[in-house]
Amino acid sequence: MAIGPDFFKDVYDVVRLVPFGRVTSYGAIAAYLGAKSGARMVGYAMNAAHAELPYVPAHRVVNRNGMLSGKHHFGSPDAMQILLEKEGIKVENDQVLDFEKVFWDPNLHLSL
DNA sequence: CAAGTGACTACAG
DNA sequence: ACTGTAGCCACTT
């Protein structure tokens, strides 16, 4: 995987590669794509992800603290948490529990 | 064209 | 440890 002309698409690809029951962070994705300071761009990409097909599991992407910073961008404020819990990820107070255990870093599991 | 905004992070106080 | 400030980049107004 390399940085393509379509940054958003690359972001979506990585997000789709996140295994079931795992989560990753904006910064990790940005780093994997080489956009070292592009965490905000990843977030911006997620802003448009809802319209992307196939479906992009944006609920598996949280900020570096494991907090559900983007829950308000889902249809319902609780949709993100519901989806995560459905995958076996425990969420409390808009924050992923055992974040370190469910965290999935593309830099460690994917090859560039 | 300049200024504001945000699904982020890192560093400083 | 907690809170505030400042870079960051694309997009909107």
Side-chain angles (χ1 to χ4, degrees):
Chain A
M1 283 282 273
I3 308 174
D6 195 339
F7 181 77
F8 282 23
K9 192 179 194 307
D10 291 333
V11 172
Y12 302 146
D13 283 340
V14 176
V15 176
R16 292 196 195 96
L17 288 172
V18 178
F20 184 92
R22 295 297 187 85
V23 297
T24 192
S25 71
Y26 301 93
I29 295 172
Y32 174 71
L33 295 178
K36 192 175 182 181
S37 300
R40 301 189 86 144
M41 297 308 92
V42 175
Y44 198 89
M46 294 291 93
N47 188 36
H50 70 91
E52 280 294 314
L53 289 175
Y55 170 68
V56 179
H59 59 278
R60 293 182 187 150
V61 185
V62 297
N63 68 3
R64 71 170 191 86
N65 290 314
M67 194 167 80
L68 310 190
S69 50
K71 59 176 284 184
H72 288 286
H73 290 259
F74 284 75
S76 298
D78 298 327
M80 187 173 187
Q81 179 172 337
I82 298 298
L83 288 168
L84 288 171
E85 293 181 334
K86 217 168 186 178
E87 299 194 359
I89 298 174
K90 298 170 185 172
V91 179
E92 188 174 289
N93 194 20
D94 298 342
Q95 184 175 297
V96 176
L97 298 182
D98 299 321
F99 180 58
E100 295 180 5
K101 294 180 182 177
V102 298
F103 178 72
W104 181 84
D105 187 350
N107 291 289
L108 300 179
H109 296 267
L110 297 177
S111 301
L112 292 172

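Every chain is numbered from 1 and lettered A, B, ... according to where its sequence line falls, protein lines coming before strand lines. Computed from a predicted model, the values in this text were never measured in an experiment. Both backbone and side-chain heavy atoms feed into the values below; hydrogens, waters and symmetry mates do not.
Note on A:G27: only backbone sugar-phosphate atoms sit closer than 4.0 angstrom, heavy atoms only; bases stay farther off. Nucleic acid contact class of A:A49 (heavy atoms, under 4.0 Å, all strands): none. Within the nucleic acid shown, A:F74 comes within 4.0 Å of at least one base atom, counting heavy atoms only.
A 4.5 Å side-chain heavy-atom check between A:K71 and A:D78 finds at least one atom pair inside the cut-off. Contact of the A:V18 side chain with the A:V23 side chain is not registered, since no non-hydrogen atoms from C-beta on lie closer than 4.5 Å.
Near DNA chain C, meaning a heavy atom under 4.0 Å from it, residues 77-85 of chain A has no residue at all. Taking every heavy atom of residues 40-47 of chain A and every atom of DNA chain B, pairs under 4.0 Å involve A:R40, A:M41, A:G43, A:M46, A:N47, by number.
The CZ atom of A:R64 sits 12 Å away from the P atom of B:dC8 (whole-angstrom rounding). Whole-Å rounding puts the A:H73 NE2 to B:dT5 P distance at 15 Å. Remark: C1' of B:dA10 and CG of A:N65 are 12 Å apart, rounded to the nearest angstrom.
A continuous path of ILVMFWY side-chain contacts below 4.5 Å connects A:L110 to A:V56, so both sit in one hydrophobic cluster. Hydrophobic clustering (side-chain heavy atoms under 4.5 Å, transitive across Ile, Leu, Val, Met, Phe, Trp, Tyr) groups A:W104 together with A:Y26. By the criterion of side-chain heavy atoms lying less than 4.5 angstrom apart, applied directly or through intervening Ile, Leu, Val, Met, Phe, Trp or Tyr residues, A:V15 is grouped together with A:M41 in one hydrophobic cluster. Follow the hydrophobic side-chain contacts under 4.5 Å out from A:F103 and you never reach A:M46; the two are in separate clusters.
With A:V62 as the fixed residue, the side-chain contact (heavy atoms from CB on, under 4.5 Å) test singles out one of A:Q95, A:M67, A:M80: A:M80.
Here chain A contacts DNA chain C (any atom closer than 4.0 Å to a heavy atom, that is under 4.0 Å), and the contacts span C:dG7 to C:dC11 from 5' to 3'.
Taking the six-membered ring where the residue is Trp, A:F8 and A:Y44 present tilted rings, their angle falling between 30° and 60°.
Of all heavy-atom pairs spanning A:A30 and A:A39, the tightest one is CB-N, 3.7 Å.
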With side chain to side chain donor-acceptor pair (under 3.5 Å) as the test, would you mind laying out the steps for A:N65 and A:N63 before giving the verdict? CA-CA 5 Å; A:N65 290 314; A:N63 68 3; 4.8 Å; no
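OP1 or OP2 of B:dC8 has not a single side-chain nitrogen or oxygen of A:S37 nearer than 4.0 Å.
Listed for the A:S25 side chain is a donor-acceptor partner under 3.5 Å among the backbone atoms of A:A28.
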